[in-house]
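Data block below; observations after.
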Amino acid sequence: MKITITGSLGNISKPLTTKLVEAGHEVTVISSNGDRAREIAELDAKPAIGSATDIAFLTETFKGSDVVYAMVPNNLSAPDLRKYIGSIGENYAAAIKAAGVNKIVVLSSIGAHLDSGTGPIAGLHDVEEILSQLENVDIKFLRPAYFYTNFYANIDMVKHLGFIGGNYSADTRIIVVHPNDIAEAAADEIQQPFTGRSIRYIASQDSTLSELTTAFGKAIGKPELNWVEFTDEQALEGMIQAGLPAEAARNYVEMGTAIRKGILWEDYDLNKPVPGPTTVENFAAEFAKAYSK
């Protein structure tokens, strides 16, 4: 098949590209970074350098694709994060329609069944709504859980403050997933037939913050490592002090509140998938490697 991948060579798109090329497909990878062109070509994929904000570029790149894998690139500097995310969904919808694509696999998120109160995930709810309006297009929405790799952002906290934390307690439930497990699921969906609109949840492990903290502490040689709960105000201030733009920080605090309340998991619990292979202990070893750098 001819498959177009958005997301450059990110944590999901790179292993996804590798899997699809190895399976014998003709893969085009969209990246806004021209420096990625050589690396994309080295994977035996075709680079397409341009922006997800450019509908004409997307349309031309999507033409002839049997499947498009669509994800929204990060833009933490967006003045209105939800509006930005929705605008990329609008761009994809316009390009998919103009290019005549009739099959797409879309990276959304756990919690996207909710239209508010979830921070950046609310923008992905909007993307699902926008793309669902397309006629004669079969769509598979992927709703992965909380990324293990998000915890890399806490490494400096562990190094300088001696603890890890967020605006939810140690006993809070957290459903986590590894990007490699998402790539495996995405490759599976891209290569199999489906019709209409459907959703696939993707998760690696159902855990708690306490269990993750214990695993991280053991892996980095700090068995005393504790999880500390912050207030929403403390979390917001800490993110901004760490250099996160205020709009992005506000959204992530709101997502943390949704985690604390457990509302992100409600629809997931009605549609639980078979867990992916990456356990908390597996990721803790990866966390330790990143911590040691």
Side-chain angles (χ1 to χ4, degrees), residues 5 7 10-20 22-23 69 71 105-114 118-121 124-125 128 139-154 164 166 168-194 197-220 225 227 255-256 258-290:
I5 304 294
N11 289 335
I12 300 169
S13 294
K14 184 174 182 178
L16 174 59
T17 297
T18 299
K19 291 176 188 296
L20 293 173
E22 289 176 349
Y69 166 77
M71 64 160 293
V105 173
V106 182
L107 184 68
S108 183
S109 173
I110 198 167
H113 64 291
L114 299 167
T118 58
I121 297 172
L124 294 173
H125 168 87
E128 288 195 14
I139 308 175
K140 178 72 68 170
F141 292 111
L142 304 180
R143 289 183 178 175
Y146 188 88
F147 286 21
Y148 276 121
T149 49
N150 289 344
F151 289 101
Y152 287 145
N154 297 113
I164 190 169
Y168 30 88
S169 68
D171 61 359
T172 298
R173 181 189 186 195
I174 187 85
I175 301 167
V176 283
V177 68
H178 197 285
N180 287 343
D181 295 348
I182 302 171
E184 187 69 42
D188 177 49
E189 294 296 344
I190 286 169
Q191 296 177 92
Q192 70 177 343
F194 59 82
R197 275 80 166 141
S198 54
I199 295 167
R200 176 172 175 174
Y201 281 94
I202 311 168
S204 301
Q205 191 153 342
D206 194 333
S207 190
T208 67
L209 275 306
S210 177
E211 291 169 345
L212 264 69
T213 302
T214 297
F216 295 164
K218 181 178 179 181
I220 65 174
L225 186 66
W227 179 273
M255 184 172 71
I259 292 172
R260 184 173 70 234
K261 292 179 177 179
I263 60 175
L264 291 187
W265 327 130
E266 292 171 347
D267 192 64
Y268 165 88
D269 282 336
L270 300 176
N271 301 276
K272 286 185 177 180
V274 175
T278 309
T279 65
V280 169
E281 289 73 24
N282 293 151
F283 177 71
E286 296 180 23
F287 183 89
K289 288 181 182 178

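Residues meeting the side chain to side chain donor-acceptor pair (under 3.5 Å) test with E189, sequence neighbours left out: Q192, R200.
Here Y148 and F216 keep their ring centres 6.0 angstrom or further from each other.
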Problem - Criterion side chain to side chain donor-acceptor pair (under 3.5 Å) on H113 and E128, from CA distance to verdict - result: CA-CA 9 Å; H113 64 291; E128 288 195 14; over 6 Å; no
Handout entry: Criterion side-chain contact (heavy atoms from CB on, under 4.5 Å) on H178 and E286, from CA distance to verdict
Key = CA-CA 11 Å; H178 197 285; E286 296 180 23; 2.8 Å; yes
Exercise for the section: Could you walk me through whether M71 and S13 pass side-chain contact (heavy atoms from CB on, under 4.5 Å), step by step? Expected result: CA-CA 9 Å; M71 64 160 293; S13 294; 3.9 Å; yes
Practice task
Test side chain to side chain donor-acceptor pair (under 3.5 Å) on D267 and Y201 and set out the steps.
Solution key: CA-CA 9 Å; D267 192 64; Y201 281 94; 2.5 Å; yes
Handout entry: L20 and Q191: CA distance, side-chain angles, deciding distance, side-chain contact (heavy atoms from CB on, under 4.5 Å) verdict
Key = CA-CA 9 Å; L20 293 173; Q191 296 177 92; 3.9 Å; yes
Practice task
List the steps and the verdict of side chain to side chain donor-acceptor pair (under 3.5 Å) for T278 and D181.
Solution key: CA-CA 7 Å; T278 309; D181 295 348; 3.0 Å; yes
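Across all non-hydrogen atoms, the minimal contact from A284 to A219 is O-CB, 3.4 Å. In terms of heavy-atom proximity, A145 sits nearest to A203 at CB-CB, 4.2 Å. Taking every heavy atom of both residues into account, F141 and R197 meet most closely at CE1-CG, 4.5 Å. G111 and T118 make their closest contact through O-CG2, 4.2 Å (heavy atoms, listed as atom of the first residue, atom of the second, distance).
Note that CG of L107 is 4.5 Å distant from CD1 of I12, once rounded to the nearest 0.5 Å. Rounding to the nearest 0.5 Å places CD1 of I202 at 10.5 Å from CD of E184. We find the OH-OG1 distance between Y69 and T17 to be 9.0 Å, quoted to the nearest 0.5 Å. Distance check, rounded to the nearest 0.5 Å: CD1 of I174 to OH of Y168 gives 5.5 Å. Rounding to the nearest 0.5 Å gives a distance of 8.5 Å between OG1 of T172 and CD1 of I259. Remark: I121 CD1 to S108 OG distance equals 8.5 Å, nearest 0.5 Å.
A salt bridge is absent between K19 and D188: the closest approach of a Lys/Arg side-chain nitrogen to an acidic carboxylate oxygen does not fall below 4.0 angstrom. Using a 4.0 Å cut-off between a side-chain N of Lys or Arg and a carboxylate O of Asp or Glu, E281 and K218 do not qualify as a salt bridge.
Looking at T149 and P179, their side chains come closer than 4.5 Å, going by heavy atoms from C-beta outward. Residues W265 and R173 are in side-chain contact: their nearest non-hydrogen atoms beyond the backbone lie under 4.5 Å apart. In this structure the side chain of S210 never reaches within 4.5 angstrom of the side chain of W227, judged on heavy atoms. Side-chain contact between L209 and D171: absent, with no pair of heavy atoms (C-beta onward) separated by less than 4.5 Å. By the 4.5 Å heavy-atom criterion applied to side chains, S109 and Y146 are not counted as neighbours. Counting heavy atoms from C-beta outward, L212 and F283 have side chains that stay 4.5 Å or more apart. Side-chain contact check for V106 versus I139: some heavy-atom pair is nearer than 4.5 Å.
Formation of a donor-acceptor pair under 3.5 Å by the T18 side chain with backbone atoms of K14 is found in this model. Q205 contributes a side-chain N or O that, together with a main-chain N or O of V280, makes up a donor-acceptor pair within less than 3.5 Å.
Taking the six-membered ring where tryptophan is involved, the planes of Y152 and F287 are essentially parallel, since the angle between them stays under 30° and well short of 60°.
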